[in-house]
Structures are given as structure tokens and as C-alpha cells.
Amino acid sequence: MTPADDDFHQLWKTKYSKLIFRKSETVPEELHQMVQKGFLTLREHDCFFQDLVRIKGKDFLTPVSRILIGNPGCTYKYLNTRLFTVPWPTEGYDIKYCSPQIHDACKALIRLNDYLHIEAVKTLQGQNLCETKEMKDTAVIDREQSFATSLTERGSVSKDQSGVCVPEDDSVSLKNRTSYNLTLLNYMDPLQMLYLKQEPYFGMGNMAVSWHHDENLVERSTVAVYSYSCEDSGVGESSEQELKGRDPAVWHVGLKVAWDIETPGLAIPLHQGDFYLMLDDLNMTHQHCVLAGLSPRFSSTHRVADCSRGTLEYIFGQCELALQNLQTDSDSVALSLKSLEAAVVKQVEEIHNEVEFEWLRQFWFQGKRYLKCTDWWLKPMAKLEEFWRKMEIMTSLVLSEVRKEQQIEEQRNETISCFLLVLKERQRLRKEWTVRCQSDAAESLPEDQKPECHPFWTDDDECNMPLPYDLEEVIAYLQNLTQWITSDLPA
Ligand SMILES: O=C(O)CCC(=O)C(=O)O
Ligand SMILES: [Fe+2]
């Protein structure tokens with residue numbers, strides 16, 4: 001349904017009430033100008049890139065081109081692709097941009113971010129979608145009572161040990177759900193796209209982005225989307241359209257109820273400077289898509305990314321934790337491990353995998369794209385690689401300990417089997433990334449966007465790597481060892 005349908009507003013009110021639309025006129029003109037100029041700058045500097053995503057083991061190039069802008073050191077993962085923020089100007093950070101215009105563009109987007117944050121807060125307060133104090137108090141009493149009842153039913157313990165956890169303050173949860181830490185910008189010129197998928201359920205026409213839920217967000221957080229289609233003003237008024245369905249000249253956001261193709265979908269026309277909000281759990285209960293119009297179009301999608309494992313601060317913390325198990329012997333320069341306990345080895349090797357596959361390979365897979373805007377990520381990536389190299393040494397140290405140990409004891413068995421599992425995962429992921437780097441889609445990219453399979457080395461490389469890239473033989477050796485150990489154990 002579109003605004004041309006009689007039941008459109010009724011359907012919106014009953015099935016899509018958490019979708020909020022705001023017309024361009026409600027946004028300050030000065031902000032429009034800044035932001036739209038920012039979009040054009042980023043396009044002029046070729047900062048938008050199609051992502052080489054992986055869905056169910058297959059590689060696809062997204063029709064839309066994107067760039068992630070946000071808090072320094074923050075990342076956003078979608079469809080097995082971790083995007084790294086081009087940092088927006090942030091107090092306490094000295095960020096060098098490739099040009100003053102790119103700095104201005106990032107500044108415009110943080111201004112838009114602040115504006116959309118305030119609008120989202122106001123909207124949630126207006127909708128009563130932020131839990132009020134009374135609602136929370138009632139919820140606590142309810143929980144206390146049901147907990148007390150369940151205890152008395154079982155005939156045990158007093159009420160003051162109930163351990164009810166008091167929910168965070170309203171203003172905190174409201175803030176957590178609207179404090180956007182980044183925005184994913186989209187750009188597409190439909191005339192440059194030879195083929196676009198057709199919307200499969202409601203006949204909504206060409207899709208720029210297929211039906212999906214947004215991933216990697218803080219639960220129930222709001223998503224705010226500013227839309228800028230470069231149409232001549234006045235053109236593409238949907239009212240001029242006589243035919244049924246949505247106007248194929250105009251960009252729309254499509255919405256549907258998840259797991260449901262009976263309830264009619266909604267297609268909301270988006271003109272230059274309009275924005276919309278997806279409030280609360282709308283992103284979970286519904287799916288959305290982007291229906292292409294005829295003109296080039298930008299959008300800026302502001303999100304509260306769940307970055308609990310997605311910031312530089314986090315991954316550096318992990319690396320430090322892992323490297324605590326490495327020591328330089330006091331009398332020499334030789335390195336050794338402090339502990340060979342299974343749990344310790346497992347943790348270290350898992351962090352090794354995390355830094356290798358979630359950070360280094362993800363980053364280099366995207367070629368040199370980040371250098372278009374700033375060199376900000378190069379230093380931290382070099383640092384992470386340095387840590388990762390030390391972890392390669394740690395892996396080789398575990399291996400040599402396992403090799404030289406004569407005695408078979410319980411703890412060693414456990415260490416070897418944990419170690420083996422993590423190495424198998426490493427081998428599987430190295431193969432997957434090697435394949436990903438060589439897909440047809442990857443080969444089709446221009447030279448400066450080609451994925452780099454990094455780190456990569458061969459046996460004759462003089463790079464002083466303590467272990468081979470291909471872990472097949474190491475794994476076979478360990479597998480042999482575990483079989484030998486288990487067959488030797490009493491039944
Ligand atoms: O461009 C839009 O309106 C929304 C884009 C979108 O859904 C996304 O990037 O996840
Ligand atoms: Fe989305």
C-alpha cells in the first residue's frame with residue numbers, strides 16, 4: 001500500500017505504528033545544506049564502495065555503495081563484513097582527513113546525528129515508548145511478588161534474598177537506545193545498475209536493498225534514516241501516478257511484518273530531505289527494504305551499533321589479556337609460556353583467532369578503501385598485527401611444549417584437545433578467507449579495491465613466521481597424538 005490507497009493510513013496506524021516519518025520541511029534548512037553537500041563531497045572523492053558480503057556461503061557485491069562514519073575505533077558488522085568507521089570529528093582525537101572537504105562532510109554527519117538523536121528522544125517520549133517510572137516500579141513489584149511466590153511454593157528462603165535486579169534508570173535506557181555511535185551511508189544511481197532484483201511478495205518493483213532486519217544493533221534501539229534523492233523538485237509526485245502500486249520513479253522505504261506476506265506491505269515515498277525512524281522493536285518484528293526510484297539517492301542510517309566486541313579498545317584489551325601468558329625468561333631473550341593449562345591456552349588461541357579473522361582479515365579484505373578518506377586505521381592495524389605475530393609465536397610455543405612432553409597426564413590431554421579445536425577453526429577460517437578473496441565478485445573489482453589476503457606467507461618467504469600459513473600438517477600431528485593418547489588410556 002502507498003498513500004494513494006484508501007486504507008494506507010489505517011494500515012500504518014494498526015500494523016506499522018512504530019515507523020515514524022518526517023517531512024523535509026521539519027528539518028532546519030542549514031542542516032539540509034550541510035549534509036547534502038557532505039554527501040556530494042564523499043561521492044566526488046570516491047568514498048562509497050560496494051561491499052563484498054557473504055550470505056550463506058556465497059559472495060555478493062551489494063548494489064548500493066556504502067561508507068561507515070562514526071565514533072573513532074568503532075566498527076559495524078553486517079552480512080559477515082566488518083566495516084570500520086571513518087571517524088567523525090571527536091573531542092580528544094586528532095584525526096587527519098585526506099582533504100578539508102572530507103572533514104566537513106564528516107562534521108555534517110555528526111551534526112545530523114545529533115539532530116536525529118534529539119528527534120528520536122522527543123518522539124519516544126511523545127509515544128510513551130520509554131518506560132515510565134511507574135511502569136518500572138510496577139514491573140519490579142510484579143517480579144518480586146512472583147519470585148516470592150515461587151520461593152514460598154518451594155517452601156524455602158526469605159524474601160530479602162530475592163536477588164531482584166533493579167532495572168536501569170529510564171533516562172539511561174532511553175539514552176542507550178538513541179545514542180547513535182555511527183551512521184552507514186548508502187548511495188546508488190539506478191541508471192548505473194544494469195540489473196536490480198524485483199520485490200518478490202507485493203510487486204513493489206526494483207529493490208536497491210532487499211528485505212532485511214538491521215543486524216548488530218543494541219536491542220530495541222531506534223534507527224534513524226535521512227534520505228536524499230537527487231530529484232528535480234516537483235518531479236515524481238506520486239499523485240500524478242494513475243497506475244496501481246508504488247511510483248517507480250520515486251524512492252520508497254518498504255516495510256512488511258516478519259514471517260508474514262498476508263498483511264499488506266507498506267511503501268512510503270521518500271523525497272529529498274525526508275527522514276524516518278524505526279522505533280523500539282520495529283526492526284525485530286518487521287523487515288524493511290529500499291525500493292529504487294530513477295534518480296541517484298543517498299541515505300544516512302544512524303544506528304546504535306552493539307559494539308561490545310566491536311571497538312579497538314575492546315580488541316586491544318583482548319590482546320593484552322592473551323599476551324599476559326607470554327614471558328621473556330629472565331636470564332635470556334627466549335620466550336616462554338606462563339601456563340599450559342587448557343583454559344588458558346584455549347582463551348589465548350581464541351583471541352588469536354578473533355584478532356586474525358574479525359580484525360586483520362576483515363580490514364585487508366576491503367583493500368585500500370579506507371585510505372580514500374583518512375589513514376586513521378593504519379596505525380592501530382599495524383599494532384594489532386604486531387600483537388597477532390606474538391600470538392603466532394605463542395601457538396608455536398604450545399606446539400613445542402606438546403612435542404617435547406614425554407609424560408602423559410590428564411591436564412595435557414585436555415590442553416591438546418582444546419588447542420586442536422581452536423587450530424581446526426583457524427584452518428577452516430583461513431581457507432574460507434582465501435576463497436573469499438578469490439571469488440568472481442572479488443576478481444571483478446578495480447585494482448585499488450581488490451581484497452588483500454593478509455596476513456599471508458609461504459614456506460620460502462623470509463618473513464620469520466614460526467608456523468606455516470597452512471596448518472594441515474600441524475593439525476594432523478595433533479590429531480595423531482590425541483588418538484595415541486586416548487588409545488593408551490584405560491577404558
Ligand atoms: O536507505 C534506506 O532508506 C535504508 C537503508 C537500509 O535499510 C540499510 O542500510 O540497512
Ligand atoms: Fe536496513
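Here, residue 1 is the first one in the sequence, and each next residue gets the next number. Indexing begins at 1, ligand by ligand and atom by atom, following the structure's order.
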Legend entry - Atoms in ligand 1 with a heavy atom of Val290 nearer than 4.0 Å: 1 (O), 2 (C), 3 (O), 4 (C), 5 (C)
Legend entry - Under 4.0 Å to a heavy atom of Ser299 - the qualifying atoms of ligand 1, by number: 1 (O), 2 (C)
Inset, instruction - Measure from the Fe ion (ligand 2) to every N/O/S atom of Asp214 and report the name of the nearest one. - result: OD1
Legend entry - Heavy-atom neighbours of Phe60 CZ exceed 12 at 6.0 Å: yes
Legend entry - Side chains of His302 and Val223 in contact at under 4.5 Å (non-hydrogen atoms): no
Inset, instruction - Check the pair Arg297 / Val290 against side chain to side chain contact (heavy atoms under 4.5 Å, CB included), numbers first and verdict last. - result: CA-CA 11 Å; Arg297 182 230 188 207; Val290 182; 3.6 Å; yes
Inset, instruction - With heavy atoms of Asp214 as the reference, note each atom of ligand 1 found under 4.0 Å away. - result: 10 (O)
Inset, instruction - Output yes when Lys77 and Glu215 qualify as a salt bridge under the 4.0 Å nitrogen-oxygen rule, no when they do not. - result: no
Inset, instruction - Report the nearest protein non-hydrogen atom to atom 8 (C) of ligand 1: residue, atom name, distance rounded to 0.1 Å. - result: Arg303 NH2, 3.2 Å
Inset, instruction - Run the numbers for me: atoms of ligand 1, each under 4.0 Å from some heavy atom of Arg66, listed by number. - result: 8 (C), 9 (O)
Inset, instruction - Under 4.0 Å, heavy atoms only, figure out whether ligand 1 is touched by the backbone of Asn186, its side chain, both or neither. - result: side chain
Inset, instruction - Begin from the C-alpha positions of Gln198 and Asn206 and carry the test side chain to side chain contact (heavy atoms under 4.5 Å, CB included) through to its verdict. - result: CA-CA 5 Å; Gln198 294 295 298; Asn206 287 347; 2.5 Å; yes
Legend entry - Under-4.0 Å heavy-atom contact with ligand 1, by part of Arg297 that carries it: side chain
Legend entry - Nearest-neighbour protein heavy atom for atom 4 (C) of ligand 1, which is reported as residue plus atom name and distance: Tyr276 OH, 3.2 Å
Inset, instruction - Answer yes or no: does atom CD of Glu452 have more than 12 heavy-atom neighbours from other residues, nucleotides or ligands under 6.0 Å? - result: yes
Legend entry - Val225 neighbourhood, listing ligand 1 atoms whose heavy-atom distance to it stays under 4.0 Å: 2 (C), 3 (O)
Legend entry - Chi angles and distances behind the ring pair (Phe, Tyr, Trp, His ring centres under 6.0 Å) call for His32, Tyr226: CA-CA 10 Å; His32 279 308; Tyr226 177 89; 5.8 Å; yes
Legend entry - Proximity flag Val209 to ligand 1, non-hydrogen atoms under 4.0 Å: no
Inset, instruction - Would you please determine whether Val253 falls within less than 4.0 Å of ligand 1 on a heavy-atom basis? - result: no
Legend entry - For His288, the ligand 1 atoms whose distance to one of its heavy atoms is below 4.0 Å: 7 (O)
Inset, instruction - For atom CZ of Phe21, decide whether the heavy atoms of other residues, nucleotides or ligands shown that lie under 6.0 angstrom number more than 12. - result: yes
Legend entry - Where the Fe ion (ligand 2) is the vertex, angle from His288 NE2 to His212 NE2 to 10°: 90°
Inset, instruction - Determine, for Phe316 and Lys383, whether the Lys NZ or Arg CZ falls below 6.0 Å from the six-membered ring centre while staying within 45 degrees of the axis. - result: no
